[in-house]
Amino acid sequence: MKSLSELEVIRDRMQDEIAIRSGKGDIHIVVGMGTCGIEAGARDVLNAFVEGIEKEGLRNTVTVTQEACEGKCEMEPIVTVAEKSGRNTKYVKMTAEKALRVIAEHVKGGKPVADYMA
Amino acid sequence: MDEISLHILDIAENSVKAGAKNVVIEINESDKLVSVVITDDGRGMDGATLRKAMSADPFLPERAGSGRGIPLLKNAAEQTGGEISVISHEGSGTSVSAVFVKESDDFIPLGDAAATVASLFAGAPDTDIRYKHSFPAGGETRTVGYDTKDLRKAVRDGSVPLVSAYLTVRDSIREEYEKIRKILTCEDGGSLLA
């Protein structure tokens, strides 16, 4: 059970993120989390993206969500980066390490990582 | 899958897809066995669907909704000399149980349970998850538990932001395991008899 002050810390931490839930974020990162994705390592990819977004202070503008199997099992883990501009980038065979580069070059730098694309 | 917690994530995702509002993950570990039970209050399966879920080929590519999760779990448990059982009632929910034998060469570790529960909750923030893991350590049975309903109490309008939710759930569970590790290694100055 959490103490009152611990709950307050959690609440404050979440305040700036409420806007994201209503879809006002600039960038949506979608990680495939079907059976194939989980088998191929998607959970650790999701973990890396969440950690990276937190570390870079991007909680206010970037959401991370999950989707089910797409049917292309040999390409998993699959991560789609959807931007407000309408540009959608699909990354395949992702790893926790590759997630860091996607955050640095694409999410922060605005330039998709061609090496990791489908 | 090389961790039991990855199987748990997969099966619990089924629960979410079946419309579960509550998912309970209970792991009971003894010296010889790891017993996992995942119970949900989703829509459940009728006889035909259940038979199909139990008999699907775990190694064929998945088509949306056909579900290899249960056969994969069955395979993993049986390889260690264990077994699974599935109880499901249409309209009430489903309970999937699996037993793994620790001394088998094919035994896979529990792995990163904190990341599993965090991923599950972040992917389905309207579903509550109760996690409990009991295991023997230092001559006693230790328990790590987490209930996402506690997290909800911290958020005013009941809607949970995803990045914060993921990290809070993951780190809270990690902290519980860490507390036990510290007790066992006497890091906090306590003794094994504490």
Side-chain angles (χ1 to χ4, degrees), chain A residues 1-22 25 28-31 33-55 57-74 76 96, chain B residues 1-3 5-14 16-17 56 58-73 111-112 114-116 118-120 122-125 145-147 150-172:
Chain A
M1 264 303 286
K2 297 225 169 279
S3 70
L4 204 56
S5 53
E6 280 172 313
L7 288 177
E8 277 169 1
V9 168
I10 294 170
R11 184 181 297 135
D12 289 343
R13 196 181 184 185
M14 292 187 180
Q15 275 313 110
D16 27 352
E17 231 193 297
I18 302 288
I20 302 298
R21 267 282 269 175
S22 42
H28 295 261
I29 298 174
V30 187
V31 180
M33 199 70 70
T35 301
C36 300
I38 295 170
E39 266 182 309
R43 186 194 65 187
D44 297 345
V45 171
L46 174 70
N47 189 72
F49 271 108
V50 171
E51 274 189 342
I53 284 157
E54 176 73 359
K55 188 166 163 228
L58 297 169
R59 255 200 289 146
N60 297 347
T61 52
V62 183
T63 47
V64 188
T65 58
Q66 301 167 36
E67 67 176 359
C69 199
E70 266 192 40
K72 291 216 157 55
C73 291
E74 63 285 0
E76 294 279 4
Chain B
M1 313 212 192
D2 55 5
E3 292 178 23
S5 61
L6 288 173
H7 285 283
I8 293 173
L9 179 56
D10 189 29
I11 300 295
E13 293 282 5
N14 289 350
V16 170
K17 277 184 214 136
F59 302 111
L60 282 183
E62 185 177 338
R63 261 167 291 136
S66 62
R68 287 184 300 129
I70 287 173
L72 270 173
L73 176 66
D112 197 345
T116 281
S119 300
L120 192 59
Y146 191 79
D147 192 332
D150 288 341
L151 188 70
R152 255 184 236 295
K153 286 179 193 147
V155 188
R156 272 190 202 98
D157 62 355
S159 93
V160 183
L162 305 180
V163 169
S164 305
Y166 179 94
L167 292 169
T168 303
V169 173
R170 186 197 69 179
D171 293 346
S172 298

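Quick note on labels: first sequence line is chain A, next is B, and so on, each numbered from 1.
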Take B:Ser164 and A:Glu54, measure what side-chain contact (heavy atoms from CB on, under 4.5 Å) needs, and give me the verdict at the end. CA-CA 8 Å; B:Ser164 305; A:Glu54 176 73 359; 5.6 Å; no
Looking only at non-hydrogen atoms, find the nearest pair between B:Val163 and A:Val62 and report the distance. CG2-O, 4.4 Å
Please find the pair of heavy atoms, one from A:Thr65 and one from B:Leu162, that lie closest to each other, and give the distance. CG2-CD1, 3.7 Å
Heavy-atom pairs under 4.5 Å with chain A are the metric here; pick the option from B:Thr116, B:Ile11, B:Asp2, B:Asn14 that has the most. B:Thr116
Distance check, rounded to the nearest 0.5 Å: B:Ser5 atom OG versus A:Arg43 atom CZ? 4.0 Å
Nearest 0.5 Å, what's the CD-OG distance between A:Gln66 and B:Ser119? 5.5 Å
When you compare the side chain of [Y] with that of [X], does any pair of heavy atoms fall below 4.5 Å?
X: A:Leu46; Y: B:Tyr166; value: yes
X: B:Arg170; Y: A:Asn47; value: yes
X: A:Glu39; Y: B:Leu6; value: no
X: B:Glu13; Y: A:Thr35; value: no

Side chain from CB out, backbone as N, CA, C, O: work out which of these in B:Leu72 comes under 4.5 Å of a heavy atom of chain A, or both, or neither. side chain
So which part of B:Asp147 gets closer than 4.5 Å to some heavy atom of chain A, the side chain, the backbone, both or neither? neither
